[in-house]
Amino acid sequence: MSNQPIEWAHDGRGLRLAIVVSRFNRRVTDKLLEEAQAALQRAGAGRAPVFYVPGAFELPLAAKLLAHTHAYHGIVALGAVIRGETPHFDYVAAEAARGLQQVMLETGVPVSFGVLTTENLEQAEARVTKGADAALTAIEMARFSASVAQAARS
Ligand code: INI
């Protein structure tokens, strides 16, 4: 735990967050997950439950099912789509992005986009800290959502 004060927008205390992560390119997604969990811990949110799906293409449905439980203030979606390994890179990457955005807009539950889209494995491995960024984004948007609800009540 760092001794740095937690900035309000990134204060995870009291928030329930879930992580959905793809197993495809697991060497990378395991590291994204580690980074995300560590960031949540530092932010005071504690460990989030982790739900695995086969690939990035499946992330939107998993996020939607989790959002519909109303059990979570936010969802962190993690994956790695690597062009070198697939001719359908563009479809998988675009559908993951579009689908996750759609879930967020349709359900009102913040879903952060922690899906790496890179040319090769090396680039992906260099960007695993994006897992932490995605965790902090989910916290910030969950806080934003709570503050809008509070403003509407006052
Ligand atoms: N899924 C990924 O998460 N990353 C990839 O790089 C990838 N490639 O290379 O194809 C990938 N494909 C699987 C896809 O997400 C689905 O699981 C699959 O098409 C079955 O629906």
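Just so we're clear, the structure is a prediction, and the values are computed from it rather than from any experiment. Indexing begins at 1, ligand by ligand and atom by atom, following the structure's order. Side chains included, hydrogens not; waters and symmetry mates left out as well; all remaining heavy atoms used.
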Proximal ligand 1 atoms for [X], defined as those under 4.0 Å from one of its heavy atoms:
X: N25; answer: 4 (N), 5 (C), 6 (O)
X: A80; answer: 2 (C), 3 (O), 4 (N), 5 (C), 6 (O)
X: G55; answer: 1 (N), 3 (O), 15 (O), 17 (O)
X: F57; answer: 14 (C), 15 (O), 16 (C), 21 (O)

Legend entry - Spacing of E58 atom CD and R23 atom CZ [to the nearest 0.5 Å]: 9.0 Å

Inset, instruction - Would you give the length of the straight line joining atom CG of L121 to atom CG of L116, rounded to the nearest 0.5 angstrom? - result: 10.5 Å

Legend entry - Pairing of E125 and R27 as salt bridge, 4.0 angstrom limit: yes

Legend entry - Salt-bridge criterion met for K31 and E34 (N-O under 4.0 Å): no

I want to know if ligand 1 touches [X] in the polar sense, i.e. an N/O pair below 3.5 angstrom.
X: V92; result: no
X: P54; result: no
X: I82; result: yes

Inset, instruction - Using side-chain contact (heavy atoms from CB on, under 4.5 Å) as the criterion, list what pairs up with E106, not counting sequence neighbours. - result: K64, Q102

Legend entry - Selected option - heavy-atom contact closest to atom 17 (O) of ligand 1, from E58, H88, R83: E58

Legend entry - Qualifying residues under side chain to side chain donor-acceptor pair (under 3.5 Å), relative to Q37, sequence neighbours excluded: none

